[in-house]
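A note on names: the letters A, B, ... follow the listed sequences, proteins ahead of strands, and every chain is numbered from 1. All values below were derived from every heavy atom in this structure, side-chain atoms included, with hydrogens, water molecules and symmetry-related copies excluded.
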There are 2 protein chains.
Amino acid sequence: MSQLTIVDLAKRLGLSKSTVSRAFRDNVDINPATKARILAMAEEIGFSPNVYASSLKANKSLTIAIIIPEFGNKFFSQAIKGIEAVARSKGYHTLIYVTDHQVQNEASIVRSLANGRVDGVIISASGEGKDHSHLQLLAERGIPVMFFDRAYDDWKGGYITGNDFDSAYLATKHLINNACKRIAYLAINPNVSIGKVRKDGYEKALQEAEMPIRPELILDTVNDAEQNMKDIAGLIEQEKPDAIFASVERLAISSIRVAKRHAIRIPEDLKIICFSCLDIADLIDPALSVVKQPAYEMGELVTKYLLDKMEDPTNDKFANSVYLNSQLIFQKSSLR
Amino acid sequence: MSQLTIVDLAKRLGLSKSTVSRAFRDNVDINPATKARILAMAEEIGFSPNVYASSLKANKSLTIAIIIPEFGNKFFSQAIKGIEAVARSKGYHTLIYVTDHQVQNEASIVRSLANGRVDGVIISASGEGKDHSHLQLLAERGIPVMFFDRAYDDWKGGYITGNDFDSAYLATKHLINNACKRIAYLAINPNVSIGKVRKDGYEKALQEAEMPIRPELILDTVNDAEQNMKDIAGLIEQEKPDAIFASVERLAISSIRVAKRHAIRIPEDLKIICFSCLDIADLIDPALSVVKQPAYEMGELVTKYLLDKMEDPTNDKFANSVYLNSQLIFQKSSLR
DNA sequence: TTGAAAGCGCTAACAC
DNA sequence: GTGTTAGCGCTTTCAA
């Protein structure tokens, strides 16, 4: 309750507050014995220096922020776990924000951070909208930003993601090799990087196999499971695809539910594969084929890069994109 | 880059910094026109007040912390989503920490918070250990704490959790009603509230049915999936249970894997039910019976309570436990 | 309604 | 090695 300060400590010990302050910093000249005395007393009365006073002084917060669009799947929880682990190991604290795919939420969150609250920001982009001026705010403040998994088309800074183009290409090719002729693609927002890149991989595989890219087999989805179920049911009924490649896990789950409901057999009538970090994909009926991204590693790496960038903001090295290899796991849902 | 301050703004506008400061607070006398001018200029040059200076002054951080043992399942991600949503709607920021079930991590995290960094803390307890003195630190600082899901036996403060005793009792009774005679219980750490309460519910159901409580059917597990798989395999082989009640999801998943590996049929040879917030429990083979806690609501409620407690720390109302009803979903894995 | 000034708790020259 | 002192940027009396 009582707000202890270094002055209180100093008085009790008959020292000045600067000496007490020094005891809590490294690399400063202080008599080891004095330091020990101070730390012992601090321990005894339960004192530790007020972080906001320190932050104000140092103009550093030792805090980073994560902004993600959703929390619905293992990908993000694993990534956050990686982020938090690295951050904490380096003495940083991690603020978390969920935008629910609303860019305006992302913008308002970013605005609330651009006043010294954080030293760096990690974002997985929340959606469309041409206006990413909120990112400009961080740039003006010199607050480094790294994106992971999802970035905006026009983002020129650092970005860690999976090798989604290749993975999507290989996943589609796998379906083709398993005799699929009408492969539907369930897309998310194409304004977000992964929406576009994954679709490009899908299209390349079709082209390479000299199969037509049929726009009617490409379904643009929304952030509403019920609506998506309807749309997927409509797609299946009208277009009779023999395979579905879902760009994100929740669309594959919806597809499986639709299939069950309509007595469509997987994989006999319809094969399914999707991007997913689900650790129990093998226990689903039927075992779900997945493109599994290294979520935890991605979280670790994006944080390492961010912290490095914070140390050396001008280094161009951190403005590049890094692609981590995903793992393709073919199981019953996509096999002939 | 350039660190703008209220003084810069004041100079540009020919005002004093106190007037500028007032423009950013509500409930103070300031000419509306002046305020508008100030805010317009702030917008133009992209200024917002340094939060650490404000926090230092106000001795409030507008920040809370969540400390959880793991991030492995939907329960925690949903709960965090609820916490963050409520916190943000009230203007609070949310720090997140994962202890990996290590009480010493919990302790060191708490220590790093007890210096003004946060105004309140939400914890789901990380494990055993008799020494919870780190919580004392927060109490001394007058930082309110609320637990959710998992609390320590000796915790006397606020606690929001599921009606686990009743749910465990009903889940066990359900197995009994489905002709199970040898119901194994997979326990987690009994020093954490839910470890004990859930087991109590299980035992009560057995007693009520006049079935013996067999210690050899109760497996204490550890935080290591491989080890647990071995132990579960051993249990199944030696004790031949006809049902497993897993106190947490990951133990049920491990059990299913063991069963598959050993060609044990679920539910014919072995029925399974567990606590879980898995949203695709119905898609697992076989569809998994679960006790589903209202994770998101729990996150919301614990946060509301914490924020209320922060306003009125002496109100005993927030020292009580609140039990939210879980939902029992019986599916193929536990049915005759 | 606005300005001047003290101070939140800590840090880092600078002096001794 | 330790003490003195001047702020970090903001808020808030108090006076005008």
Side-chain angles (χ1 to χ4, degrees), chain A residues 1-39 41-42 45-63 112-119 141-143, chain B residues 1-39 41-42 45-62 112-119 141-142:
Chain A
M1 208 71 213
S2 59
Q3 177 72 348
L4 291 169
T5 73
I6 46 171
V7 178
D8 298 317
L9 250 191
K11 277 187 189 149
R12 285 174 188 251
L13 292 161
L15 291 165
S16 78
K17 62 175 182 168
S18 41
T19 304
V20 174
S21 173
R22 281 190 264 259
F24 291 96
R25 323 266 93 214
D26 293 335
N27 316 325
V28 282
D29 283 342
I30 182 173
N31 187 324
T34 326
K35 179 165 178 174
R37 260 177 74 211
I38 294 170
L39 294 181
M41 175 63 87
I45 66 175
F47 167 84
S48 60
N50 180 300
V51 287
Y52 286 168
S54 307
S55 290
L56 176 57
K57 200 59 200 160
N59 201 20
K60 278 194 59 177
S61 64
L62 289 179
T63 305
S112 78
L113 297 176
N115 44 23
R117 190 178 291 277
V118 296
D119 299 335
R141 288 292 172 300
I143 300 173
Chain B
M1 208 69 214
S2 59
Q3 177 72 347
L4 290 168
T5 74
I6 45 173
V7 177
D8 297 315
L9 249 190
K11 276 187 190 151
R12 284 174 189 252
L13 291 162
L15 292 165
S16 77
K17 62 174 183 170
S18 28
T19 305
V20 174
S21 172
R22 281 189 264 261
F24 291 96
R25 319 270 95 211
D26 294 336
N27 317 323
V28 281
D29 284 340
I30 182 174
N31 186 326
T34 325
K35 180 167 179 174
R37 262 177 72 213
I38 294 171
L39 294 180
M41 175 64 89
I45 66 174
F47 167 84
S48 62
N50 181 299
V51 287
Y52 286 170
S54 309
S55 290
L56 176 58
K57 209 43 209 172
N59 202 18
K60 277 193 62 178
S61 64
L62 289 180
S112 78
L113 298 176
N115 45 21
R117 191 178 290 276
V118 296
D119 299 334
R141 288 294 172 298

Residue pair B/Phe24 / B/Leu9, side-chain heavy-atom distance below 4.5 Å
yes
[X] near the nucleic acid: base, sugar-phosphate alone, or nothing, with a heavy-atom cut-off under 4.0 Å?
{"X": "B/Ile30", "value": "sugar-phosphate"}
{"X": "A/Asp29", "value": "base"}
{"X": "A/Ser55", "value": "nothing"}

Given 3.5 Å as the limit, does a donor-acceptor pair link the side chain of B/Ser54 with the main chain of B/Asn50, or not?
yes
Any pair with a residue in residues 18-28 of chain A that passes salt bridge (charged side-chain N to carboxylate O under 4.0 Å, His left out), sequence neighbours left out, goes on the list, sorted by first then second residue, please.
A/Asp26-A/Lys35
Going by salt bridge (charged side-chain N to carboxylate O under 4.0 Å, His left out), name the pairs with one or both residues in residues 5-21 of chain A, residues two or more places apart or in two chains.
none
Nt span of DNA chain C in reach of chain B heavy atoms at under 4.0 Å, 5' end first, is C/dT1 to C/dG9
Side chain to side chain contact (heavy atoms under 4.5 Å, CB included) with A/Lys60: which residues, sequence neighbours excluded?
A/Ala58, A/Leu62, A/Tyr92, A/Asp119
Could you work out, with side chain to side chain contact (heavy atoms under 4.5 Å, CB included) as the rule, every residue matching B/Asn115, not counting sequence neighbours?
A/Ser48, A/Val51, B/Arg117
Nucleotide N/O to protein N/O under 3.5 Å, stretch nucleotides 12-16 of chain D:
none

Please report the shortest heavy-atom distance between A/Ile45 and A/Leu4, naming the atom on each side.
O-CD1, 3.3 Å
Please give, in whole Å, the distance from [N] [atom2] to [X] [atom1]?
{"X": "B/Leu9", "N": "D/dG9", "atom1": "CG", "atom2": "P", "answer": "13 Å"}
{"X": "A/Leu56", "N": "D/dC10", "atom1": "CG", "atom2": "C1'", "answer": "8 Å"}
{"X": "B/Asp26", "N": "D/dT11", "atom1": "CG", "atom2": "P", "answer": "12 Å"}
{"X": "A/Leu13", "N": "D/dT2", "atom1": "CG", "atom2": "P", "answer": "12 Å"}

Picking from D/dG1, D/dT11, D/dT4, which would you name as closest to the side chain of B/Ile6?
D/dT11
Residues passing the side-chain hydrogen bond (donor to acceptor under 3.5 Å, both in side chains) test with B/Thr19, sequence neighbours excluded, are B/Ser16
Would you give the length of the straight line joining atom CE of B/Met41 to atom CG of B/Leu15, rounded to the nearest 0.5 angstrom?
9.5 Å
Nearest 0.5 Å please: distance from the CD1 atom of A/Ile6 over to the CD1 atom of A/Ile38.
10.0 Å
Any idea how B/Tyr52 and A/Tyr52 line up, ring-wise: parallel (<30°), tilted (30 to 60°), or perpendicular (>60°)?
parallel
Can you find a side chain N or O atom of A/Thr34 that sits less than 4.0 Å from OP1 or OP2 on D/dG1?
no
Residue-phosphate contact under 4.0 Å: B/Ser54 side-chain N/O, D/dG9 OP1/OP2
no
Through what angle, rounded to 10 degrees, does the axis of the helix from C/dT1-D/dA16 to C/dC16-D/dG1 turn between its ends, using five pairs per end?
30°
